[in-house]
> 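For reference, the structure I am asking about is given below.
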Amino acid sequence: MNGDPSTPYSRDLGDELRQVRERFTTFRSRKIARMLGWDPGKVSNIEHGKVRASEIDLIQYLGRCGRSQKFIEDFLSRYRSAFDDYFVQVPTNLRTVTMAESSADKITSYSLTTIPGLVQTEDYATAHFEAGTIARDEIAAAVRFRVERQAILSRPNRPLCTFFIHENALRLKVGSDAIMEDQLMRLLFHTHIIRIVPASSGPAGVFAAPYVLWEYEKRSSVAYTESDLAMVFVQDLAGVKTCKSIFAHLDALALSEEQSRSMVADLASRSREDLNGRRLHLA
């Protein structure tokens, strides 16, 4: 634990304040601090989501940035839940998720039915969205956003990522055989750890929702889960502890990393054989 009480949402909204200042004014943080009679550190802490600003503070800040009353009222309504231990967002708002994972030192996730988004190929992501409920004219943007998020895996200071993937997700065909082969080969990249939860583990390896745990060196850990209806962020100590216990349980069930990679490689090989056999048959 540490002295930083921020949440992913408070950091998201704090960064939004910074963007408002930079977009609509020529003020640097020190200048707006002088105009408001604040210590420069207060502006920095609010813009980084480290402290809860009062509503008067936010009204004064946004007023100095020339924002309308309607804009200010909308921001205040969102900011009231910025430091909640549990908060919910609509699944189309991915900014908070992106900020949470991009600053994490360690990311652990579990997926039952699909390959985790951070390691999906572009074609797999496209096929996955096409099979879902997202509007067709929004698919290209959704895929682009998902692929752009994966840049964190190629950074020199990339987070340590462990993906617990249920065997069902490997065997569930998304798109064509060629797409599945490419996706399985993508999993074998060595920028992350994969741990396959075998189907033979039965109900013990099945959880009703996907889970993610973001861990930080200087901040509290955050647990996350999602569905087609909502995204849920949890910074409550009990909730985070429960999430950690789930991953400890999965660690005991899952194949080793070497065994997991062997299974993925074997499935990719079978997919390639099936694809080549089908091509020969068509010929």
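None of the values given here were measured: they were computed from a predicted structure.
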> Are the side chain of E257 and the backbone of I193 linked by a donor-acceptor contact shorter than 3.5 Å?
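Looks like no, no N/O pair under 3.5 Å.
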> Flag yes if W214 and V88 sit in one hydrophobic cluster, no otherwise; membership is Ile, Leu, Val, Met, Phe, Trp, Tyr, and two members link when side-chain heavy atoms are under 4.5 Å apart.
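Looking at the clustering, V88 is in a separate group from W214.
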> Quick one: do D15 and Q19 satisfy side chain to side chain contact (heavy atoms under 4.5 Å, CB included)? Show the steps, please.
CA-CA 6 Å; D15 190 65; Q19 291 186 17; 3.0 Å; yes
> Closest heavy-atom contact between I46 and A53?
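Shortest heavy-atom contact: CD1-CB, 3.7 Å.
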> When you compare the side chain of Y211 with that of T108, does any pair of heavy atoms fall below 4.5 Å?
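Counting from C-beta outward, T108 and Y211 never come under 4.5 Å.
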> Check whether any side-chain heavy atom of V264 lies under 4.5 Å from a side-chain heavy atom of I165, and answer yes or no.
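Sidechains of I165 and V264: no contact.
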> Mark yes or no for whether Y110, through its side chain, and F207, through its backbone, hold a donor-acceptor pair below 3.5 Å.
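At least one qualifying donor-acceptor pair exists.
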> To the nearest 0.5 Å, tell me how far D182 CG sits from L187 CG.
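Separation between the atoms: 11.5 Å.
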> Step by step, would you call T225 with V234 a side chain to side chain contact (heavy atoms under 4.5 Å, CB included)?
CA-CA 9 Å; T225 187; V234 180; over 6 Å; no
> Do F75 and L62 make a side-chain contact, defined as non-hydrogen atoms from C-beta onward lying under 4.5 Å apart?
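SC-SC contact between F75 and L62 confirmed.
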> Specify the closest pair of heavy atoms between P91 and S227, including all atoms of both residues, with the distance to one decimal.
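So the minimum-distance heavy-atom pair works out to CB-O, 4.1 Å.
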> Please confirm whether the backbone N or O of M231 pairs with a side-chain atom of Q89, one donor and one acceptor, at under 3.5 Å?
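Pair absent, no side-chain N/O of Q89 close to backbone of M231.
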> With hydrophobic residues grouped by side-chain heavy-atom distances under 4.5 Å, do L58 and Y9 end up in a single group?
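Same hydrophobic cluster.
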> Is there a donor-acceptor pair closer than 3.5 Å between any side-chain N or O of S262 and the backbone N or O of E258?
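Yes, S262 side chain to E258 backbone: donor-acceptor pair under 3.5 Å.
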> Is S68 reaching over with its side chain to a backbone N or O of F71, donor-acceptor style, under 3.5 angstrom?
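It does hold such a pair.
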> I need the E217 CD to K106 NZ distance, nearest 0.5 Å.
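It comes to 13.5 Å.
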> Is P210 close to T114 at the side-chain level, that is, under 4.5 Å between some pair of heavy atoms?
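Side-chain contact under 4.5 Å: no.
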> For atom CZ of R80, decide whether the heavy atoms of other residues, nucleotides or ligands shown that lie under 6.0 angstrom number more than 12.
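Check passes, neighbour count above 12.
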> Do side-chain atoms of R219 reach the backbone of S6 as a donor and acceptor pair under 3.5 angstrom?
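Looks like no, no N/O pair under 3.5 Å.
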> Within the distance-only criterion (no hydrogens, no angle test), does the side chain of R261 pair as donor or acceptor with the backbone N or O of L188 below 3.5 angstrom?
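Judged by distance alone, yes, a pair lies under 3.5 Å.
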> Would you mind reporting whether F189 and L153 have side-chain heavy atoms less than 4.5 Å apart?
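When only atoms from C-beta onward are counted, F189 and L153 do not touch, as no gap falls below 4.5 Å.
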> Does atom NE2 (H48) have a neighbourhood of more than 12 heavy atoms from anything else shown, all under 6.0 Å?
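No, NE2 of H48 has 12 or fewer neighbouring heavy atoms, counting only those of other groups under 6.0 Å.
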> How many angstroms lie between CD in E167 and CG in L267, if you round to the nearest 0.5 Å?
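It is 7.0 Å, given to the nearest 0.5 Å.
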> Taking all non-hydrogen atoms of both residues into account, name the closest pair between R146 and Q120 and its distance.
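So the minimum-distance heavy-atom pair works out to NH1-OE1, 2.9 Å.
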> Treating S44 as the side-chain partner and G41 as the backbone partner, does any N or O pair qualify as donor plus acceptor under 3.5 Å?
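No: the side chain of S44 does not pair with the backbone of G41.
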> On the ring face of F24, is R67 found with NZ or CZ under 6.0 Å from the centre and within 45° of the axis?
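Pair R67/F24 counts as cation-pi.
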> Go through the structure and list residues passing side chain to side chain donor-acceptor pair (under 3.5 Å) with R23, not counting sequence neighbours.
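Counting only residues at least two positions away or on another chain, R23 forms no side chain to side chain donor-acceptor pair (under 3.5 Å).
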> For the atom pair CG (L36) and CZ (R34), what is the distance rounded to the nearest 0.5 Å?
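Atom-to-atom, L36:CG and R34:CZ are 11.0 Å apart.
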> Identify the heavy atoms of P8 and A100 that sit nearest to each other, and give their distance.
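Distance-wise, the nearest heavy atoms are CB-CB, 4.0 Å.
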> Is atom CG of D228 surrounded by more than 12 heavy atoms (other residues, nucleotides or ligands) closer than 6.0 Å?
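No.
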> Side chains of S81 and D84: is there a donor and an acceptor less than 3.5 Å apart?
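There is no such pair (donor and acceptor under 3.5 Å, judged by atom type) between the side chains of S81 and D84.
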> According to side chain to side chain donor-acceptor pair (under 3.5 Å), who are the partners of N157, at least two apart in sequence or on a separate chain?
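Checked N157 against side chain to side chain donor-acceptor pair (under 3.5 Å); matches are R155.
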> Kindly compute the distance separating CE (M35) from CZ (R64), expressed to the nearest 0.5 Å.
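Rounded to the nearest 0.5 Å, the CE-CZ separation comes to 4.0 Å.
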> Run the side chain to side chain contact (heavy atoms under 4.5 Å, CB included) test on T25 and K31 for me, step by step, so that the C-alpha distance in whole Å, both residues' side-chain angles and the decisive distance to 0.1 Å come before the verdict.
CA-CA 11 Å; T25 79; K31 182 173 181 179; over 6 Å; no
> Measure from the side-chain N and O atoms of Q259 to the backbone N and O of R195, and report whether any donor-acceptor pair falls under 3.5 Å.
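Answer holds: no.
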> I'd like to know if R78 and E16 make a salt bridge, using a cut-off of under 4.0 Å between side-chain N and carboxylate O.
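Looking at R78 and E16, the cut-off is met.
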> Could you give the side-chain donor-acceptor pairs of residues 124-138 under 3.5 Å, partners two or more places apart or in another chain?
residue	atom	partner	partner atom	Å
Y124	OH	I115	N	3.2
T126	OG1	E122	O	2.9

> Checking side chain to side chain contact (heavy atoms under 4.5 Å, CB included) for the pair F233/T7: CA distance, chi angles, key distance, verdict?
CA-CA 9 Å; F233 299 78; T7 69; over 6 Å; no
> Looking just at side-chain N and O atoms, do E47 and S29 make a donor-acceptor pair shorter than 3.5 Å?
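Side-chain D/A pair, E47 to S29: absent.
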> Taking the side chain as C-beta and beyond, is there a heavy-atom pair between M180 and V174 under 4.5 Å?
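Of all side-chain heavy-atom pairs linking V174 with M180, at least one is under 4.5 Å.
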> Find out whether E215 and D105 are in side-chain contact, i.e. whether some heavy atom of one side chain is under 4.5 Å from a heavy atom of the other.
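Heavy-atom side-chain distance check fails, nothing below 4.5 Å.
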> Does the R95 side chain pair with the main chain of D12, one donor and one acceptor, at a distance under 3.5 Å?
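Yes, because the side chain of R95 sits within donor-acceptor range (under 3.5 Å) of the backbone of D12.
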> Taking all atoms of both residues into account, what is the closest heavy-atom pair of G49 and S10, and its distance?
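Smallest heavy-atom distance, with atoms named: O-OG, 2.9 Å.
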> Do the side chains of V197 and L172 join up, straight or via other hydrophobic residues, at under 4.5 Å, putting them in one cluster?
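Different clusters: V197 never reaches L172 through Ile, Leu, Val, Met, Phe, Trp or Tyr contacts under 4.5 Å.
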> Find out whether F83 and Q235 are in side-chain contact, i.e. whether some heavy atom of one side chain is under 4.5 Å from a heavy atom of the other.
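Contact flag for F83/Q235 side chains = no.
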> Can you see which heavy atom on V212 is nearest to which on C243, and at what distance?
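Scanning both residues completely, I find the closest heavy atoms to be O-SG, 4.0 Å.
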> Under the criterion salt bridge (charged side-chain N to carboxylate O under 4.0 Å, His left out), I'd like the reasoning laid out for K70 against D74: C-alpha separation, chi angles, the key distance, then a yes or no.
CA-CA 6 Å; K70 183 178 184 304; D74 173 71; over 6 Å; no
> What distance do T191 atom OG1 and Q150 atom CD have between them, rounded to the nearest 0.5 Å?
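Spacing of OG1 (T191) from CD (Q150) equals 9.5 Å.
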> Distance to the ring centre below 6.0 angstrom and angle to the axis at most 45 degrees; does that hold for R186 and F163?
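Ring-cation test returns no.
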